[in-house]
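Got a structure for you, written out below as structure tokens; questions coming shortly.
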Amino acid sequence: MVPLALLLWLAGELALYAGIAHQVLGAPPRTAAIAALGAMLGLRAGIIAITWAFAAAYASPAPALPAGRRLAMMVKEYLAFILTFIVVLPFEPLWMPPDRLRQCRRPILLVHGYGCSRGVWWWLRRQLEGAGHTVASVSLVPPYTSVGRMVPQLKARVEAVCAATGASQVILVAHSMGGLVCRAYLSRHGCARVAQLVTLASPHAGSELARIGLGRNAREMEPGSRWLRDLATEPLRVPTTAVRGTDDNFVMPQDNQRLTGASDVPLPGIGHLALLVSPRTAAIL
């Protein structure tokens with residue numbers, strides 16, 4: 001659902017920009033096509049700039065990065081944004097073929113974040129498989145529904161992965177909102193099927209950026225929401241590691257990635273999406 005919707009959105013957006021350039025501004029077709037591509041990339045630059053503006057306004061105390069390293073981090077995050085939402089997700093089947101499940105003791109199940117699909121794991125899945133792991137993934141739909149409505153989908157995938165691999169438990173690795181889905185799953189269904197949870201840049205205490213997000217799940221991820229307060233009353237039921245981007249540009253204050261009872265692993269100098277294609281993240285996992 002997400003890949004097709006993104007593909008249609010991109011096609012419509014490019015057609016709109018090209019039409020304006022050609023019909024309104026009188027640009028020849030080739031120039032109009034180039035202008036349309038530039039407008040699309042420029043809009044994405046604006047979106048990423050907004051995330052960094054929020055990050056600066058609500059930043060948790062952290063050691064300041066040198067100017068050059070900060071600029072490089074922002075550029076890498078922009079490139080990761082383009083790669084994720086223009087190159088990979090709209091063409092997900094090309095990047096993320098079906099899961100290759102085999103008999104094993106502890107498969108890893110990857111759970112994506114807000115507004116995404118399983119395609120975001122295209123790089124990390126390869127790294128984990130290259131290290132000898134059996135790796136599964138799941139796409140949670142619709143993308144902007146409540147977190148609670150995604151829990152049954154996660155439960156069904158956990159059961160399917162256990163059945164396909166002969167394992168009694170999985171290891172959950174979750175990015176961003178996916179960490180909240182996993183915690184809600186554990187709250188509702190217990191830990192019988194889960195050996196361990198690793199969250200990557202998850203807004204355990206919410207994110208100020210969620211206030212401008214779409215959907216019920218964005219409302220639930222606003223700091224202080226009733227949904228987050230209720231979830232916080234649930235104790236951790238499995239060994240949990242919270243990998244925290246100290247300079248994250250989607251979860252802010254960045255300390256909202258901390259989770260009481262979980263091992264805290266700070267990861268400085270990296271953006272929210274760039275984390276998914278970073279060798280440092282692969283090394284931690």
Checking Q153 side chain against V141 main chain: does a donor-acceptor pair fall under 3.5 Å? yes
Give a yes or no on whether the backbone of S137 and the side-chain of R157 come within a donor-acceptor separation of less than 3.5 Å. yes
Got F81 and I47 here, is their nearest side-chain heavy-atom distance under 4.5 Å? yes
Checking S146 against N217: is there a side-chain donor and acceptor pair closer than 3.5 Å? no
Please list all pairs meeting salt bridge (charged side-chain N to carboxylate O under 4.0 Å, His left out) that have one or both residues in residues 256-270, counting only residues at least two apart or in different chains. R244-D264, D255-R258, R258-D264
Spatial distance of atom CG (L236) from atom OG (S263) [nearest 0.5 Å]: 10.0 Å
Can you spot which of L197, L259, L285, V265 makes a side chain to side chain contact (heavy atoms under 4.5 Å, CB included) with T241? V265
Taking side-chain contact (heavy atoms from CB on, under 4.5 Å) as the test, write out the residues that go with T84, two or more places apart. L89, V120
Indicate the atoms forming the closest heavy-atom contact of A35 with A21, along with that distance. CB-CB, 4.3 Å
Heavy-atom closest pair, residues L6 and P90: CB-CG, 4.0 Å
What about M96 and V111, same hydrophobic cluster or not, with Ile/Leu/Val/Met/Phe/Trp/Tyr joined at side-chain heavy-atom distances under 4.5 Å? no
In the structure I gave you, are the side-chain heavy atoms of L110 and V138 within less than 4.5 Å of one another anywhere? no
Heavy-atom check, side chain of N256 versus side chain of P223, under 4.5 Å: yes
Check: W121 side chain, R126 main-chain N or O, donor-acceptor pair, under 3.5 Å: no
Are V238 and L180 in one and the same hydrophobic cluster, where Ile, Leu, Val, Met, Phe, Trp and Tyr link if side-chain heavy atoms are under 4.5 Å apart? yes
Looking at OG of S278 and CG of L200, how far apart are the two atoms once the value is rounded to the nearest 0.5 Å? 10.5 Å
Looking at Y17 and A39, what are the two nearest heavy atoms and their distance? CD1-CB, 3.7 Å
Checking the side chain of R216 only, and the main-chain atoms of T145 only, is there a donor and an acceptor separated by less than 3.5 Å? no
Quick one: side-chain hydrogen bond (donor to acceptor under 3.5 Å, both in side chains) partners of N249, sequence neighbours excluded? T51, E77
Presence of salt bridge, E234 and R183, under 4.0 angstrom: no
Tell me if a side-chain donor or acceptor on R229 pairs with a main-chain N or O of G224 at a distance below 3.5 Å. yes
Donor-acceptor under 3.5 Å (R211 side chain, A218 main chain): no
Would you call S176 and H112 a side-chain contact if the rule is heavy atoms closer than 4.5 Å? no
Check the pair E129 / R100 against salt bridge (charged side-chain N to carboxylate O under 4.0 Å, His left out), numbers first and verdict last. CA-CA 9 Å; E129 288 181 335; R100 296 173 280 268; 2.6 Å; yes
Are R44 and E13 close enough for a salt bridge, meaning some N to O gap below 4.0 Å? yes
Between L140 and V170, is there shared hydrophobic-cluster membership here, with clusters defined by ILVMFWY side-chain heavy atoms closer than 4.5 Å? yes
Please collect all ring-ring contact (aromatic ring centres under 6.0 Å, His included) contacts where either partner lies in residues 189-235, sequence neighbours excluded, each pair once. Y185-H189
Does CZ belonging to R149 count more than 12 external heavy atoms closer than 6.0 Å? no
Would Y114 and Y144 count as a ring-ring contact (aromatic ring centres under 6.0 Å, His included) if you check the C-alpha gap in whole Å, the side-chain angles of each, and the deciding distance to 0.1 Å? CA-CA 8 Å; Y114 175 81; Y144 303 116; 5.3 Å; yes
Donor-acceptor check, side chain of T134 to backbone of P107, threshold 3.5 angstrom: yes or no? no
How far apart are the C-alpha atoms of T281 and L276, what are their side-chain angles, what is the distance that settles it, and do they pass the side chain to side chain contact (heavy atoms under 4.5 Å, CB included) test? CA-CA 7 Å; T281 306; L276 291 171; over 6 Å; no
In one Ile/Leu/Val/Met/Phe/Trp/Tyr side-chain cluster, 4.5 Å: V151, I171: no
If you look at every heavy atom in A242 and T199, which pair is closest and at what distance? CA-OG1, 3.4 Å
In terms of side-chain geometry, is the basic nitrogen of R69 or D247 positioned less than 4.0 Å from the acidic oxygen of its partner? no
Not counting sequence neighbours, which residues clear ring pair (Phe, Tyr, Trp, His ring centres under 6.0 Å) with H175? List them please. H272
Go through F85 and C116 one step at a time and tell me if the side chain to side chain contact (heavy atoms under 4.5 Å, CB included) criterion holds. CA-CA 8 Å; F85 290 103; C116 296; 3.7 Å; yes
Contact summary for L172 and V158, nearest pair of heavy atoms: CD2-CG2, 4.5 Å
W123 vs L83, test: side chain to side chain contact (heavy atoms under 4.5 Å, CB included). Steps then yes/no. CA-CA 11 Å; W123 188 83; L83 179 66; over 6 Å; no
Distance in Å, R70 CZ paired with L65 CG, rounded so as to fall on 0.5 Å steps: 4.5 Å
Would you kindly confirm whether I48 and L275 end up in one hydrophobic cluster when ILVMFWY residues are joined by side chain heavy atoms under 4.5 Å apart? yes
What I'd like to find out is whether the side chain of T246 reaches to under 4.5 Å of the side chain of L267, using heavy atoms alone. no
Show which side-chain atoms of residues 26-34 pair as donor or acceptor with protein atoms under 3.5 Å away, not counting sequence neighbours.
none

Within the side chain of D99, is there an N or O that forms a donor-acceptor pair under 3.5 Å with the backbone of L101? no
Inter-residue atom distance Y58.OH - E208.CD, 0.5 Å rounding: 4.5 Å
Calculate, to the nearest 0.5 Å, the distance between atoms CD and CG belonging to E159 and L154 respectively. 10.0 Å
Working note: R118 + R125, criterion side chain to side chain contact (heavy atoms under 4.5 Å, CB included); need CA distance, chi angles, decisive distance, verdict. CA-CA 10 Å; R118 62 188 288 272; R125 185 177 75 162; 3.5 Å; yes
When you compare the side chain of T240 with that of V198, does any pair of heavy atoms fall below 4.5 Å? no
Indicate whether any N or O donor in one side chain lies under 3.5 Å from an N or O acceptor in the other, for Q257 and S202. no
Are S168 and C162 side-chain neighbours, meaning at least one heavy-atom pair lies under 4.5 Å? no
So do the side chains of I82 and L41 get within less than 4.5 Å of each other, counting heavy atoms only? yes
Restricting to non-hydrogen atoms, name the atom on V251 and the atom on G206 that form the minimum distance, rounded to 0.1 Å. CG1-O, 4.0 Å
